[in-house]
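Heads up, the thing below is written out as structure tokens.
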Amino acid sequence: MAEDRRLFAFRITIRNLEAWLTFLRREQAMTPDLVEPLLKRLRVTADVSAEDEQAILRLPATIRRMGGGETIVATGERPSVCCLVIEGFVQRSKIVAEDRRQILSFHQPGDIPDLQSLYLHVLDHEVTTLDDCVLGFIPHAPLRALIKTSPNVAEVLWRDTLIDAAIFREWICNVGQRDAVSRLAHLICELHTRLATIGRVEGSSFEFPATQALFADAIGTSAVHLNRVVQELRTRGLLEMERGKIEILDLDGLRKLADFDPLYLHLDAAL
């Protein structure tokens, strides 16, 4: 009898857990705290009105937690949702010959890294988590409907994809024309500048979960050489880097070494 009661209690617990997981994954309107990083960025980069913000808040989303290293969308998939990064960091990448990986971009809270999937129906690259993430999956249908009924939101999102393209152009120049030390310095400057926009920088430090191997894949060098690059930046007194945290010791010096001009980030609606 006692064993039957324990089995019954166990089944009830499982049902409660399943109900809770269903609750977490249900489609719901996004709350202001979930969308705040996105709105913070859009207020800087675009002419977004209070009415536009309310329209964005009314978009339905399924909120999910994912661990580090999980695939959000794989190459060749046909996504039916766009992914809003609420907490954590995400990367876009492609695998080339001999399973070599090129990281194409890093994405922070407030980014929608696969917004292009609204109109490019088959994804040509991979989107994966860097660390533990909270993500909001917005169905394409209501997002397309919002674009049709709100021309200003359509402009804001179109501008966002153009800024994304500008960042891609800068990454091409970074990998193709700068030496490895300047490449890493430039990437660190970009991360610092973008995170400062959404209030995720404390003094000269910020959290970022990339390993040296990931940074190597982002700037097109080997992990061994990346280690030498980090040591040189430390020796020059420009930064300290530990896994999960980066501290910039000389921001002006780092920007000069990187040849960093933030124009391509278009952190002003007038730019």
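Computed from heavy atoms alone, side chains included, the values below leave out hydrogens, waters and symmetry copies.
- Cluster membership check: V156 does not share its hydrophobic cluster with L265, using side-chain heavy-atom separations under 4.5 Å among Ile, Leu, Val, Met, Phe, Trp and Tyr.
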Please report the C-alpha distance between D259 and R178 in whole Å, then the side-chain angles of each, then the deciding distance to 0.1 Å, and finally whether the salt bridge (charged side-chain N to carboxylate O under 4.0 Å, His left out) criterion is met. CA-CA 9 Å; D259 184 33; R178 296 187 178 104; 3.8 Å; yes
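- In the hydrophobic clustering of this structure, V85 does not group with L214; members are Ile, Leu, Val, Met, Phe, Trp, Tyr whose side-chain heavy atoms approach within less than 4.5 Å, directly or through other members.
- Although no hydrogens or angles enter the test, the distance criterion places a donor-acceptor pair under 3.5 Å between the side chain of T193 and the main chain of C189.
- Y264 has its side chain out of reach of I163: every pair of non-hydrogen atoms, C-beta onward, lies at least 4.5 Å apart.
- A salt bridge does not link R101 to E126: none of the charged nitrogens lies less than 4.0 Å from a carboxylate oxygen.
- Under the 3.5 Å distance criterion, the side-chain polar atoms of T45 are left unmatched by any main-chain donor or acceptor of A269.
- For the residue pair S105 / R92, a side-chain donor-acceptor distance below 3.5 Å is found, with atom types taken as modelled.
- Taking the ring centroids of F168 and H125, they lie at or beyond the 6.0 Å cut-off.
- Atom CZ of F206 and atom NZ of K245 lie 11.0 Å apart (nearest 0.5 Å).
- No side-chain donor-acceptor contact under 3.5 Å links T71 to the backbone of A74.
- Counting non-hydrogen atoms of neighbouring residues, nucleotides and ligands closer than 6.0 angstrom, the CD atom of E247 exceeds 12 such neighbours.
- Neither V175 nor I103 shares a network with the other; the hydrophobic side chains, linked directly or stepwise wherever heavy atoms of I, L, V, M, F, W or Y lie under 4.5 Å apart, form separate groups for each.
- Between R234 and E240 a salt bridge is recorded (basic side-chain N to carboxylate O distance below 4.0 Å).
- Rounded to the nearest 0.5 angstrom, W158 CH2 and L115 CG are separated by 10.5 Å.
- Rounding to the nearest 0.5 Å places CD1 of I147 at 8.5 Å from CZ of R144.
- Between atom CD1 of residue I112 and atom SG of residue C83 there is a gap of 9.0 Å, rounded to the nearest 0.5 Å.
- The aromatic rings of F106 and F208 sit perpendicular to each other, their planes meeting at more than 60°, with 30° as the lower class boundary.
- By the 4.5 Å heavy-atom criterion applied to side chains, W171 and I167 are counted as neighbours.
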Could you walk me through whether S204 and L251 pass the side chain to side chain contact (heavy atoms under 4.5 Å, CB included) test, one step at a time? CA-CA 8 Å; S204 60; L251 182 56; over 6 Å; no
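- Of the N and O atoms on the side chains of D33 and T31, at least one donor lies less than 3.5 Å from an acceptor on the other residue.
- Between the side chain of R183 and the backbone N or O of I219, at least one donor-acceptor pair lies under 3.5 Å.
- Looking at heavy atoms from C-beta onward, M66 lies in side-chain contact with L135 at the 4.5 angstrom threshold.
- Residues L34 and E87 have side chains not in contact (no heavy-atom distance under 4.5 Å, counting atoms from C-beta outward).
- A side-chain donor-acceptor contact under 3.5 Å links H140 and S117.
- Applying the side-chain contact (heavy atoms from CB on, under 4.5 Å) rule to D111 yields the partners R41, H107, Q108, P113, R194; only residues at least two apart in sequence or on another chain are considered.
- Scanning both residues, V181 and V229, for their nearest heavy atoms gives CA-CG1, 3.8 Å.
- Side-chain atoms of T128 and Q91 form a donor-acceptor pair, as typed in the model, at a separation below 3.5 Å.
- Connection of L84 to V134 is established within a shared hydrophobic cluster, with ILVMFWY side chains joined at heavy-atom distances below 4.5 Å, either directly or through further cluster members.
- Counting heavy atoms from C-beta outward, D217 and S93 have side chains that stay 4.5 Å or more apart.
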Kindly determine whether I246 and S205 satisfy side chain to side chain contact (heavy atoms under 4.5 Å, CB included), including the steps that lead there. CA-CA 6 Å; I246 297 171; S205 302; over 6 Å; no
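- The minimum heavy-atom distance linking S182 with L257 is given by the pair OG-O, 3.1 Å.
- Minimum heavy-atom separation, I138 to P60: CG2-O, 3.6 Å.
- A distance of 10.0 Å separates CG in N152 from CG in L157, rounded to the nearest 0.5 Å.
- At least one side-chain heavy atom of L239 sits under 4.5 Å from a side-chain heavy atom of I188.
- A donor and an acceptor atom, one from each side chain of D164 and T161, are nowhere located under 3.5 Å apart.
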Show your reasoning for whether side chain to side chain contact (heavy atoms under 4.5 Å, CB included) applies to T75 and L123. CA-CA 5 Å; T75 303; L123 206 71; over 6 Å; no
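- Annotation: side chain of Q116 is not in contact with side chain of C82 (no heavy-atom distance under 4.5 Å).
- Rounded to the nearest 0.5 Å, atoms CG (L254) and CD1 (I248) are 5.5 Å apart.
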Apply salt bridge (charged side-chain N to carboxylate O under 4.0 Å, His left out) to R64 and E70, showing your working. CA-CA 12 Å; R64 287 180 56 195; E70 291 192 49; 5.2 Å; no
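- When all heavy atoms of A218 and L187 are compared, the pair lying nearest together is CB-CD2, 4.0 Å.
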Decide side chain to side chain contact (heavy atoms under 4.5 Å, CB included) for E232 and R236; before the verdict, give the C-alpha distance in whole Å, the side-chain angles of both, and the deciding distance to 0.1 Å. CA-CA 6 Å; E232 181 168 343; R236 294 191 185 195; 2.7 Å; yes
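- Of all heavy-atom pairs between E207 and F89, the closest is O-CZ, 3.5 Å.
- Side chain of Q54 to main chain of E51: no donor-acceptor pair is present (N/O by atom type, distance under 3.5 Å, no hydrogens or angles).
- Both Y119 and L146 are assigned to one and the same hydrophobic cluster, defined by single-linkage of ILVMFWY side chains at heavy-atom distances under 4.5 Å.
- Listed by chain and number, the residues in a side-chain contact (heavy atoms from CB on, under 4.5 Å) with V44 are T197, L267 (sequence neighbours excluded).
- Contact between P209 and L130 at its shortest, heavy atoms only, is CG-CB, 4.0 Å.
- Side-chain contact between L104 and K94 is present, with heavy atoms from C-beta onward closer than 4.5 Å.
- No donor-acceptor pair closer than 3.5 Å links the side chain of R255 to the backbone N or O of D261.
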